[in-house]
Chemist: 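Below are the C-alpha cells for one structure; questions will follow.
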There are 2 protein chains.
Amino acid sequence: MHVTWNQQLVKKENKSLVLSLIISHSPISRADIAQQSGLNKGTVSSLVSELLEEQLIYESGPGESSGGRRPVMLLFNQGAGYSIGLDLGVNYIFGVLTDLQGNIVVQKNEKYKNSSFEETLQLIQKVISFLISAAPSSPYGIVGIGIGAPGIVNKEGDILLAPNLGWKNISLKTEIENVYNVPVIVENEANAGAYGEKKFGSGKHFDHLVYVSAGIGIGAGIIMNGELYNGFNGYSGEVGHMTIDRNGIKCICGNKGCWELYASEQALLSKAQIVNINNKTELSLGELMERARNGEQAVITLLEEIGQNLAIGIINIIHTFNPQQIIIGNRLAAAKQWIEPQVQSTINNFTLPFHQTDIKINFSDLTLPASALGVAAFSSENFLKSRLQMNKE
Amino acid sequence: MHVTWNQQLVKKENKSLVLSLIISHSPISRADIAQQSGLNKGTVSSLVSELLEEQLIYESGPGESSGGRRPVMLLFNQGAGYSIGLDLGVNYIFGVLTDLQGNIVVQKNEKYKNSSFEETLQLIQKVISFLISAAPSSPYGIVGIGIGAPGIVNKEGDILLAPNLGWKNISLKTEIENVYNVPVIVENEANAGAYGEKKFGSGKHFDHLVYVSAGIGIGAGIIMNGELYNGFNGYSGEVGHMTIDRNGIKCICGNKGCWELYASEQALLSKAQIVNINNKTELSLGELMERARNGEQAVITLLEEIGQNLAIGIINIIHTFNPQQIIIGNRLAAAKQWIEPQVQSTINNFTLPFHQTDIKINFSDLTLPASALGVAAFSSENFLKSRLQMNKE
DNA sequence: AAAAAGTTAGTTCGATAGATAAACAAACTT
DNA sequence: AAGTTTGTTTATCTATCGAACTAACTTTTT
C-alpha cells in the first residue's frame, strides 16, 4: 500500500526537525522541543519515541526542574555511527574518524612522495582500513567515507584532473565504494574545507561565506544560503585562474595573469627563487617563515607582497558574491602573521564601502582539519538524511 | 482554530504544484495533472475546484478525446491580475503592464535628462499611473509593482547608491508603496535583467546562469539553482569593479584596473575620445556602430578590443561560478556583431577546457525588455505565492 | 513536618484535515 | 454493445492537534 506522497513527507520533515533540534540544543526535553518547534506535545512524544527506537537519540537522567516535574533530557546519540573523512594532500593523506557530531575519535597522517596512482590508492585504503578498525562498535557502524581531493571533481565524484597528483579521470568514488561497500563522497578540497569551516570553524554562524584555499594553487569553496554551491558541473570555485593582470605572465592553463601566479605558495616560492633570496635549489614555506620570524627583511617583503596579491582576488570575490565572511585557509594561512595586515588594509582601501561594513576576513585555525572534517560531516548528514527517509519496517 | 503547522502546508504545496502544472502545461486536463503530479484524481479535483473559485484558472471547452470521455481543459487565468514592471534607466523610464504570465499588455517609454530626484519620481509616477489606468478590469487588479534600478539596492528595497542617477539612500520602495498601496519590489537592474532572461529570454531552460549587464558600467545578475542570488546584503554582482589589471588605470571606486574601465560603454566612448577617432565632443554608441557598419577600421578595432576585454571578466565569472550559460545584455549587446566573435574566441583560448564543454554564451535579444519583465514577473510570483498561502475564509 | 496548592513534563485519546484507493457516473470511441 | 477515459463520490487511513489526564516535582500554607 504505497502512499506515494505527502502524508508521510510531513512526518519525515517533523521527525527531521525534532532530531535537528536535539542535535543543536543538546540536552533538551520533549516539552522544550514542542515549544520551540511549534509541534504538539503529543506529536513530539511519538516522534521522539521513534527516534529512541532507532537509537539516534537517548534519554539521560532527569534535568533541572523549573518549578514542576523534572524533564527527561534527550541527547543526540553521536556514537550511533561513525564517519571517515580524508584530506588527500599532494604529499600526505590525513584521515579522521568522527562520530556523527563531527568529534574526532581517531586520526591518522601518512606522508608519501612521487608515488603512482596505484600506490597512492593503496595508501588511501591503508588509512581507511586503519580508521575502520579503530571505530568503536555502534548500531550503524561506518556510515560513509568522504574524500577531499585537490583537483577538479565533477558531481559524480570523478576526479577529472588533479595536476598536483598527476591524476586524470579517476573514478575514486566507485573505486572506494566497491572495496568498502559504504556510501563514498568525493569533493574538491576547497569545497570540503569550506564546509568544514562552516560547520566547525569560524564560519559556524555565517550563511554566506567563501573559503579561499591558498596552497600550491588557489581554489575556493562557496557557501550560500548555508549550502555549498557546486556550479552546474561541480567545477565552481576555480578562482585561482581568475585573471587579475590582463598583461601578466603566462599560466599553464593557457591564460595569463592568473591570480594563483601572484598569490599562492607556488608564487611565493618561485619569486623567492627569482630574487635569489637563497642559493639553495629547494625552498620551503616553513623555511621562509622561519627566516621572516628572524627578521630577514627581504623575506618579509615577499610575504607581504603575497598578502597584497591575495587581497586583489579576494576583493574580486567580495564584489561578486557580497559574502558575509571570507576565510583564508590551507598552507598560506600559516603565514597569517605577515599576510593578514596586508590583506586587511588592501581590502579596506580598494573595496566599495558598502561591501566593507559587514564583512569579516578570517584565517583558518590550522589545528582544525577543516577539509577532512567537512567531508566527514557530509557523510554523516547524508546518512541521517537517508535514515530519516526510511519507513518503519 | 489555528492549526499552526503542517497539515495545511501539505495542501498549499499541492495546490501550488497543481497551479504551476496548469501554468506550465497550459491546456491540461485534471486527469493529466493527476498523472504528472502523482496526486490522486480526487485530490486534484478538489484543489482544482478551489482554484476555479479563486478565479486563478478557468475551464475551456472539452479537449480531444484519446479514446474515451473528452477531458475538460484547464487554463491559467493570466488575466486574473496585472503586474507593472519598470526599467529605470539613466535617461529613460521604460514601463510595462503585463498579465500574470508575463505577456505585455501596454508599454510606455519616457525620456528625460538631468532631472532632480523629485522630477524623476514624478515621471515614475506618471508612467505607473498611466499603466494602471490602461489595465483591463480583472478580479485582482494590479497585484504589484517592480522597479529595476541601476545602482546598489539592499534587501529592503532602498537604493543606497546610484551614481549615474545621482541618487543616494532613496527608499523608493516605501515611497511608491505609500502612493499606490500595492506591494513594490525594487531590484538592481542586472538582477532584474537576469530574472527576465531566465523567465522569458534565452535563459528559459537553464538553472545556472549569469547575466552580464554591460552598459555605462558593468553589473551582473546571478541565477543559481534556478533562483536569483542576492548576496548577504543584496549587493552581489558588482563585477564591474573586479580587478582585471592590477597595475591598471585608476577607477572612481578607489581601486585600479576595474573591469568596467576596459569593457563598458563608458570605456568604449572614452577610448574613442583618446585615440581621437572623432573631434566632436559628444560621441555615442549608436554613432560608433554606424561607422563600424560603414567599415571604418579604427572603430571596428575599438569594438573588438572591448569584446576581448569583456571576455576577460567573463572568463573570471566562468571559473568562479561554473555556470551553464552567460548572457550578455544591456546596451553593449547591441554591438553583438563585432563583440561576439572576440568574446567567443577569447573564451575558447583562455578558459580551462572543462569549463568550456557545456557553456553557452548568448547575447540578449534587445527586443525583449528583460529588466522590466523580470521585476514584473517577481511581482506576479509574489502575488501568486501569497494568494496561495491564504486560507479559505 | 505534613498537607494542600500550584507548575511543569509527558502520555493518552477523541476529533479533524486532507490524502488515498476504489467504486461509480458520465461521455466518449470502436 | 463493449471498452476507455475523465471526473466525482465515498470509505478508509494517517498524522497532527487540542484537551484531558497522570506523573513528578516545588512552593505555600497550616
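All heavy atoms count here, side chains included; hydrogens, waters and symmetry mates do not. Every chain is numbered from 1 and lettered A, B, ... according to where its sequence line falls, protein lines coming before strand lines.
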Chemist: Please report the interatomic distance CG(A:L56) to OH(A:Y140), rounded to the nearest 0.5 Å.
Modeler: 4.5 Å
Chemist: Please state how far atom CD in B:E13 lies from atom P in C:dG18, giving the value in whole angstrom units.
Modeler: 14 Å
Chemist: Using a 4.0 Å cut-off on heavy atoms, which residues in residues 25-35 of chain A reach DNA chain C? List them by number, or say none.
Modeler: A:S29, A:R30, A:A31
Chemist: Report for the helix from C:dA1-D:dT30 to C:dT30-D:dA1: angle between first-end and last-end helix axes, five pairs each, rounded to 10 degrees.
Modeler: 10°
Chemist: Measuring from B:F206:CZ to B:E197:CD, what's the distance to the nearest 0.5 Å?
Modeler: 11.5 Å
Chemist: Over how many whole Å does the gap from B:Q8 atom CD to D:dA15 atom C1' extend?
Modeler: 13 Å
Chemist: Generate the contact string for nucleotides 25-30 of chain D. Rules: B means base contact, S means sugar-phosphate contact only, - means no protein heavy atom under 4.0 Å.
Modeler: BS----
Chemist: Does atom NZ of A:K155 have more than 12 heavy-atom neighbours from other groups under 6.0 Å away?
Modeler: yes
Chemist: From CG of A:L74 over to P of C:dA9, roughly how many Å is that when rounded to an integer?
Modeler: 12 Å
Chemist: Between P on D:dA23 and NZ on A:K41, what's the gap in Å once rounded to a whole number?
Modeler: 15 Å
Chemist: Please report the interatomic distance CG(B:L21) to CD1(B:I33), rounded to the nearest 0.5 Å.
Modeler: 6.5 Å
Chemist: Measuring from the side chain of B:N14 (C-beta onward, heavy atoms only), which nucleotide among C:dG18, C:dA19, D:dC17 has the closest atom?
Modeler: C:dA19
Chemist: Got a sec, which pairs hit side chain to side chain donor-acceptor pair (under 3.5 Å) with one end in residues 71-83 of chain A, sequence neighbours left out?
Modeler: A:S83-A:S380
Chemist: Applying the side chain to side chain contact (heavy atoms under 4.5 Å, CB included) criterion to B:T98, which one of B:L373, B:I84, B:V105 satisfies it?
Modeler: B:L373
Chemist: Base, sugar-phosphate, or nothing: which does B:V44 touch, judged by heavy atoms less than 4.0 Å apart?
Modeler: nothing
Chemist: Can you list every pair that meets salt bridge (charged side-chain N to carboxylate O under 4.0 Å, His left out) and has a residue in residues 26-49 of chain A, with sequence neighbours left out?
Modeler: A:R30-A:E59
Chemist: How close do B:G42 and B:N40 get, heavy atom to heavy atom, and via which atoms?
Modeler: N-OD1, 2.7 Å
Chemist: For a quick test of reading the model, state the closest non-hydrogen atom pair linking A:S379 to A:V143 and the distance between them.
Modeler: O-CG2, 4.5 Å
Chemist: A:P71 or A:T43: which one's nearest nucleotide on DNA chain C is closer to the 5' end?
Modeler: A:P71
Chemist: With sequence neighbours excluded, what pairs up with A:N103 under the side chain to side chain donor-acceptor pair (under 3.5 Å) test?
Modeler: A:D99
Chemist: Would you call the rings of A:Y229 and B:F321 parallel, tilted or perpendicular if under 30° counts as parallel and over 60° as perpendicular?
Modeler: perpendicular
Chemist: Could you give the CG-to-C1' distance, from A:L9 to D:dC13, as a whole number of Å?
Modeler: 17 Å
Chemist: Just how far, in rounded Å, is P of C:dA23 from CG of B:N40?
Modeler: 13 Å
Chemist: Calculate the interatomic distance between A:L17 atom CG and D:dT16 atom C1'; express it in whole Å.
Modeler: 14 Å
Chemist: Nearest whole Å is fine: how far is D:dT8 C1' from B:L52 CG?
Modeler: 14 Å
